[in-house]
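Structure record follows, encoded as structure tokens.
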Amino acid sequence: MNTGPARGMRDFLPEDVRRRQYVIGVIADVYQRYGFEPLETPAVENLETLQGKYGEEGDRLIFKILKRGEGAETGQADLALRYDLTVPLARVVAEYRARLPKFFKRYQVQPVWRADRPQKGRFREFYQCDVDAIGSRSMVVEAELLAAAADVFLELGFADFRIVVNHRGLLNAILSQAGVAGDDRGAALVIMDKLDKIGANGVREEMRAKGFRDEVAGTLLSQLGAEAPADWLERPGDGLNEEGRAAMQELRGIFSLSKGTSAGPHLDLDRALARGLSYYTGSIFEVRVPDLAGSLGGGGRYDNLIGMFSGDSVPACGISLGLERILVVMGERNMFPPALLATPADVMVAVWNEGQIADLLSLAATLRSAGLRVEMYPEADKIGKQFKYASARNIPFVAVIGDEELANGTVAVKNMKTGEQAAHARAAVAAHIKSVISG
RNA sequence: GUGAGUGUAGCUCAGGGGUAGAGCUCCGGACUGUGGCUCCGGCUGUCGCGGGUUCGAAUCCCGUCACUCACCCCA
């Protein structure tokens with residue numbers, strides 16, 4: 001019997017969970033500082049809720065759930081595991097619009113599922129940490145989201161992250177200029193997005209392979225490929241259509257509003273950034289560090305997604321951080337605080353003989369009500385083995401009531417780090433341990 | 001969906017046609033009121049699975065599955 005978890009899924013042992021909870025704690029804390037409220041939604045959505053929101057590739061990767069009953073034979077699916085947290089949010093906003101504040105700001109940390117092939121930093125079940133702001137078209141939203149994301153990475157100890165920004169409107173304008181029509185735009189964008197990986201020649205080849213004329217690649221590369229001059233954004237945007245000039249105006253807004261925020265020093269404009277999800281309509285972002293090929297997070301504006309559920313257009317913008325990728329990089333770089341290797345208990349109560357156990361449980365209860373974490377050794381055993389066990393578990397104190405202590409009403413407390421051992425009155429044990437722990 | 005690499009003890013891995021190995025873990029002992037260090041002893045295997053070649057396969061060949069990495073795409 002294979003005892004491993006299913007492909008792309010993972011078990012989290014206590015040490016893993018501590019690390020995950022630490023990072024999630026930092027993220028939730030920062031988001032709350034910006035006034036975002038928590039939201040949770042079901043793991044399972046109606047299939048039709050998810051389909052057609054992510055683009056062709058995304059649809060293919062949705063984990064579907066067979067219809068119960070006869071559907072199990074026909075292979076028909078009517079439910080699916082959620083693919084991201086953004087579409088469920090859009091559904092929630094469409095459903096509860098009247099009850100939610102005019103500017104709904106929510107954060108959400110939950111697992112999502114994708115049926116693709118696992119590799120480094122990529123799993124079939126993984127946590128996303130989303131923040132989104134609903135209801136405003138102002139670039140203040142973008143600036144605050146980027147600042148919150150930057151705060152998260154700074155607080156976790158990252159110094160070298162970059163937040164890359166671009167705009168779908170700008171990309172659309174440039175594609176129009178190059179004469180790329182609606183259906184081909186996705187494919188062209190995906191290729192342009194790889195510019196920094198495969199270079200200009202790689203882009204030319206791949207565009208040719210996908211059936212684009214060489215002039216198209218040429219126009220796109222001349223617009224997107226060359227290093228943007230530092231003042232590119234300040235230029236009038238000649239040659240761009242109206243959509244493109246509006247996009248430039250929004251990008252200017254994001255950069256100028258971010259000047260005084262924590263995101264400011266980490267922002268880069270990358271006119272070739274495209275992002276795959278089809279629901280983005282305006283600004284788009286991606287968080288990168290040099291040691292990971294993929295991104296640590298991404299997001300953007302999706303002003304039409306909620307309208308796909310409710311009919312009326314509600315502006316929205318958000319960022320999603322990938323918990324697993326953050327953990328992968330933090331692990332490789334040894335960025336976790338040493339306190340996370342903390343011990344499971346402050347003191348272990350050893351069992352001298354079986355008949356004592358009821359009394360030892362009451363000693364443990366006393367220590368616990370004094371605020372200590374207490375592990376009870378569950379059975380009478382050789383005392384040496386009990387010490388060895390405490391030592392292996394990194395528990396800093398062991399309390400023993402042997403024959404001698406029983407006779408004079410004391411508790412022997414051994415400090416496992418220094419090896420010192422002393423007898424204490426029962427009532428004084430907790431105070432002694434606490435004073436040593438707090439240094 | 002495509003490609004590459006790796007599957008040997010609970011874990012990390014060596015062995016590349018001739019009896020299945022090491023380190024760590026675990027268990028016992030030296031040390032029956034005390035862990036870490038040391039020393040001694042011990043347990044554990046369909047060598048991923050199926051087929052083929054061979055007198056003989058963990059080893060060579062074919063297939064298959066799993067994992068890892070890369071591509072695609074993405075957090």
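Predicted model, so just to flag it, every value in this text is computed and none were measured. All chains are named by letter (A, B, ...) in the order of the sequence lines, taking the proteins before the strands, and each is independently numbered beginning at 1.
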Check whether NZ of the Lys or CZ of the Arg Lys414(A) lies under 6.0 Å from the centre of the six-membered ring of Phe387(A) and within 45 degrees of that ring's axis.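 Verdict for Phe387(A): a cation-pi partner in Lys414(A).
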When you measure from the centre of the six-membered ring of Phe36(A), is the NZ or CZ of Lys105(A) under 6.0 Å away and within 45° of the axis?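 The answer is yes; both the distance and angle limits are met.
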[atom1] spacing across the pair [N] / [M], given as an integer number of angstrom:
N: G45(B); M: C26(B); atom1: C1'; answer: 16 Å
N: A75(B); M: G7(B); atom1: C1'; answer: 29 Å
N: A57(B); M: C62(B); atom1: C1'; answer: 14 Å
N: G33(B); M: A20(B); atom1: C1'; answer: 44 Å
N: A58(B); M: G15(B); atom1: C1'; answer: 9 Å
N: U8(B); M: A4(B); atom1: C1'; answer: 22 Å
N: C65(B); M: U54(B); atom1: P; answer: 27 Å
N: U68(B); M: U32(B); atom1: C1'; answer: 50 Å

Do other residues, nucleotides or ligands put more than 12 heavy atoms under 6.0 Å from the CD atom of Glu379(A)?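 Counting neighbours around CD of Glu379(A), more than 12 heavy atoms of other residues, nucleotides or ligands fall under 6.0 Å, so yes.
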Looking at the angle O4'-C1'-N9-C4 for a purine or O4'-C1'-N1-C2 for a pyrimidine, is G16(B) syn or anti, with syn meaning within 90° of 0?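 It is syn.
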With sequence neighbours excluded, give me every salt bridge (charged side-chain N to carboxylate O under 4.0 Å, His left out) pair touching residues 274-283 of chain A.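 Pairs touching residues 274-283 of chain A that pass the test: Arg275(A)-Glu286(A).
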According to the salt bridge (charged side-chain N to carboxylate O under 4.0 Å, His left out) rule, which pairs have a member within residues 340-357 of chain A, sequence neighbours left out?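 Pairs touching residues 340-357 of chain A that pass the test: Asp346(A)-Arg373(A).
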Consecutive-pair stems (3 or more, Watson-Crick or G-U, under 3.5 Å) for RNA chain B: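 Stems (3+ consecutive pairs) listed as B:1-7 with B:65-71, B:10-13 with B:21-24, B:26-30 with B:38-42, B:48-52 with B:60-64.
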Could you tell me whether the side chains of Asp132(A) and Tyr302(A) share a donor-acceptor contact shorter than 3.5 Å?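 Distance-only check passes for Asp132(A) and Tyr302(A).
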Taking side chain to side chain contact (heavy atoms under 4.5 Å, CB included) as the test, write out the residues that go with [X], two or more places apart.
X: Glu205(A); result: none
X: Glu37(A); result: Pro101(A), Phe104(A)
X: Ala115(A); result: Phe63(A)

Please tabulate, one pair per line, all N/O donor-acceptor pairs under 3.5 Å involving side-chain atoms of residues 21-31 of chain A, not counting sequence neighbours.
residue: Asp29(A); atom: OD2; partner: Arg33(A); partner atom: NH2; Å: 3.2

Tabulated below should be each protein N or O lying under 3.5 Å from an N or O of nucleotides 39-43 of chain B; please produce it.
none

Taking only residues two or more places apart in sequence, or in another chain, which ones meet Asp16(A) in a side chain to side chain donor-acceptor pair (under 3.5 Å)?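 Testing Asp16(A) for side chain to side chain donor-acceptor pair (under 3.5 Å), a comparison that skips the adjacent residues, returns none.
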Of all residues at least two apart in sequence or in a different chain, which pass the side chain to side chain donor-acceptor pair (under 3.5 Å) check with Ser136(A)?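 Ser136(A): no side chain to side chain donor-acceptor pair (under 3.5 Å) contacts found.
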Integer-rounded Å distance: U25(B) P and Arg393(A) CZ: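 Interatomic distance, CZ of Arg393(A) to P of U25(B): 17 Å.
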So that I know where these two stand, are Phe158(A) and Phe153(A) an aromatic pair - ring centroids less than 6.0 Å apart?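 Distance test on ring centres: under 6.0 Å, yes.
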Look for any protein N or O under 3.5 Å of an N or O in nucleotides 29-34 of chain B and output each such pair with its distance, or none.
residue: G29(B); atom: OP1; partner: Lys382(A); partner atom: NZ; Å: 2.9
residue: G29(B); atom: OP2; partner: Lys382(A); partner atom: NZ; Å: 3.3
residue: G33(B); atom: O6; partner: Glu404(A); partner atom: N; Å: 2.8
residue: G33(B); atom: N1; partner: Glu405(A); partner atom: OE1; Å: 2.8
residue: G33(B); atom: N1; partner: Glu405(A); partner atom: OE2; Å: 3.1
residue: G33(B); atom: N2; partner: Glu405(A); partner atom: OE2; Å: 3.0
residue: U34(B); atom: O2; partner: Lys414(A); partner atom: NZ; Å: 2.9
residue: U34(B); atom: O2; partner: Gln421(A); partner atom: OE1; Å: 3.3
residue: U34(B); atom: N3; partner: Gln421(A); partner atom: OE1; Å: 2.5
residue: U34(B); atom: N3; partner: Gln421(A); partner atom: NE2; Å: 3.4
residue: U34(B); atom: O4; partner: Gln421(A); partner atom: OE1; Å: 3.4
residue: U34(B); atom: O4; partner: Gln421(A); partner atom: NE2; Å: 2.5

Each nucleotide of nucleotides 63-75 of chain B classed B (base within 4.0 Å of a protein heavy atom), S (only sugar-phosphate) or -, in 5' to 3' order, makes ---SS-SBBBBBB
Per the side chain to side chain contact (heavy atoms under 4.5 Å, CB included) rule, which among Asn304(A), Asp303(A), Ile306(A) passes with Val314(A)?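 So the option named by the test is Ile306(A).
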